[in-house]
Protein chains: 2
Amino acid sequence: MSFHNGFFHHNLQFSRSFTKKLNEQLAKVDLFHSQWLIVYYLNQFGCSTLVEISNYLDVEKPTVTRTVNRLEERDLIEQIPGKDKRERRIQLTESGVKTFQEAKKVVEEFEHQLMSGLAEEELEVTQRTLNFLKEKLKQS
Amino acid sequence: MSFHNGFFHHNLQFSRSFTKKLNEQLAKVDLFHSQWLIVYYLNQFGCSTLVEISNYLDVEKPTVTRTVNRLEERDLIEQIPGKDKRERRIQLTESGVKTFQEAKKVVEEFEHQLMSGLAEEELEVTQRTLNFLKEKLKQS
DNA sequence: ATTGTATAGTTACCTAGGTAACTACTTTGC
DNA sequence: GCAAAGTAGTTACCTAGGTAACTATACAAT
C-alpha cells in the first residue's frame, strides 16, 4: 500500500477537515479547538501546571505556553501561587467555567452528529488500530 | 462518547505524531512532508497547475503557493509556459525526479515498518470509517 | 464589443504545531 | 553547603494549515 490514495493520506485529510469544522462550531463560543482542549483539561483535572497539560495533550511546551497566554488574556484562566517558583499553576476562572459549559454543548452536538450512522464495532476497531499505530510511532 | 479520552482526540494526536516522525525521516533527503506530497503528485500526474494540486491534496491555495515557492527556490520544480496566462503550470526538474526517487524509498520503508503487525481487515475497517467521517464532514 | 462573472494565483494575517537555546529555580550528590 | 544536574517555562524562529481580500486573466451573455 502506497502513502498516497492510501491510509495515512486520508487520515491527515480527515484530521485537517475535522479541526476546521470544529473551529467553525467553536467560533459560536469564541474559542479555538486548541483552547478548548486546555479548557476541557482544566475543568476535568482542576488546577494544573503547563507541563501537566503538555504531557496530557502530547503537545510541546512552547505551544502550550502560547495558548495558555491567550486564555489568560481573555480571563478564562487565572494563576495560583504555589510552592515551586518555577511552576505556573493555573485554573479556570468563573468565566472560564461558564465558557466550558457552553462549549461542551457545542462540541457534543457536533460529535454526536458526526458519529451517527457509524456502527459501534467499526468505531472500536478504528480506535484500536489508531492506538496501535500511535504506540508504534512512540517507540520508533 | 466524549471528545476527550475519545476517538477524535486520539486521532489528532496520531496525526501530529505521524507527520512529526515522517518529517524526521524525510530530513534525510532534505524534504518536509508537505513538500513530499506535492513532489509525489507531480511525479504521478506530471505537469499541473496549483489549483489541481490544491484540489487533490485538499489544501487551500495560499498554502500550496507557499510550498511550491519553496520547491522552486530549491530547483526541484520548474515552470512551463502555457496558453492561459493566469495559470502557473509546473513540473519536476531532473533534480526533482531524483529527489522523488530517494524520498520514495524513505517513505515506503517508514510506512512498511509502521504497518507491520496490523491485520489487513482492521486496516480496511479503519480506512472505511475514516472515509465515511471525511465525507460526512464535507456535507456539514 | 462591452460588461459582468468566474477562475488562478498572490498577499497579508491569523492559529497551531515543531525545535533549539535560553533563564530561573529545584534537587541531588559529594 | 556548594556544585552539578534536572526541571518549568519562555523566547525566537521554522513549517503548515486557515480566511479574506486582492489582481489579472479568461469566459459568457447580451
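Convention: sequence-line order gives letters A, B, ...; per-chain numbering from 1.
- Residues A:Glu87 and A:Pro62 each lie close to DNA chain D; by heavy-atom proximity, the contact nearer the 5' end of the strand is made by A:Glu87.
- Residue A:Phe32 is the one, among A:Phe32 and B:Lys20, whose nearest nucleotide of DNA chain C lies closer to the 5' end (criterion: closest heavy atom).
- Partners of A:Asp84 according to the side-chain hydrogen bond (donor to acceptor under 3.5 Å, both in side chains) rule, which considers only residues two or more places apart in sequence or in another chain, are A:Arg86.
- By the side-chain contact (heavy atoms from CB on, under 4.5 Å) test, A:Arg74 is found to be paired with A:Asp30, A:Leu31, A:Gln35, A:Leu76, residues two or more places apart in sequence or in another chain being considered.
- From the 5' end on, the contacts that DNA chain D makes with chain A at under 4.0 Å to a non-hydrogen atom open and close at D:dG6 to D:dT19.
- Residue-level contact check: A:Lys85 touches the backbone only, with heavy atoms under 4.0 Å from sugar-phosphate atoms and none from bases.
- What you find for B:Lys136 and A:Gln113 is that their closest heavy atoms are NZ-O, 3.3 Å.
- Across all strands shown, A:Glu60 has heavy atoms under 4.0 Å from base atoms, whether or not it also approaches the sugar-phosphate.
- Residue contacts for A:Thr19: at a heavy-atom cut-off of 4.0 Å it reaches no nucleic acid atom on any strand shown.
- Toward the 5′ end of DNA chain D lies the nearest nucleotide of A:Ser48, the other residue of the pair A:Ser48 and A:Arg16 mapping further downstream.
- Applying the ring-ring contact (aromatic ring centres under 6.0 Å, His included) rule to B:Phe32 yields no partners; only residues at least two apart in sequence or on another chain are considered.
- The aromatic ring centres of B:Phe18 and A:Phe7 sit 6.0 Å or more apart.
- Using a 4.0 Å cutoff on non-hydrogen atoms, no part of residues 66-84 of chain B comes near DNA chain C.
- Residue contacts for A:Val59: at a heavy-atom cut-off of 4.0 Å it reaches the sugar-phosphate backbone alone, with no base atom in range.
- Looking at B:Thr126, its side chain does come within 3.5 Å of a backbone N or O of B:Glu122 through a donor-acceptor pair.
- Among the protein residues, A:Ser34 comes within range of the sugar-phosphate backbone only, with heavy atoms under 4.0 Å from sugar or phosphate atoms but none that close to a base.
- The one candidate from B:Arg89, B:Glu87, B:Glu72, B:Gln91 that meets the side-chain contact (heavy atoms from CB on, under 4.5 Å) condition with B:Gln79 is B:Glu72.
- When heavy atoms are screened at a 4.0 angstrom cut-off, B:Thr63 is found touching base atoms of the nucleic acid.
- Side-chain atoms of B:Lys98 and B:Thr93 form no donor-acceptor pair, as typed in the model, at a separation below 3.5 Å.
- Remark: A:Lys104 pairs with no residue by the side-chain hydrogen bond (donor to acceptor under 3.5 Å, both in side chains) rule, at least two apart or across chains.
- Both A:Arg86 and A:Gln35 lie near DNA chain C, and the one whose nearest nucleotide falls closer to the 5' end is A:Gln35.
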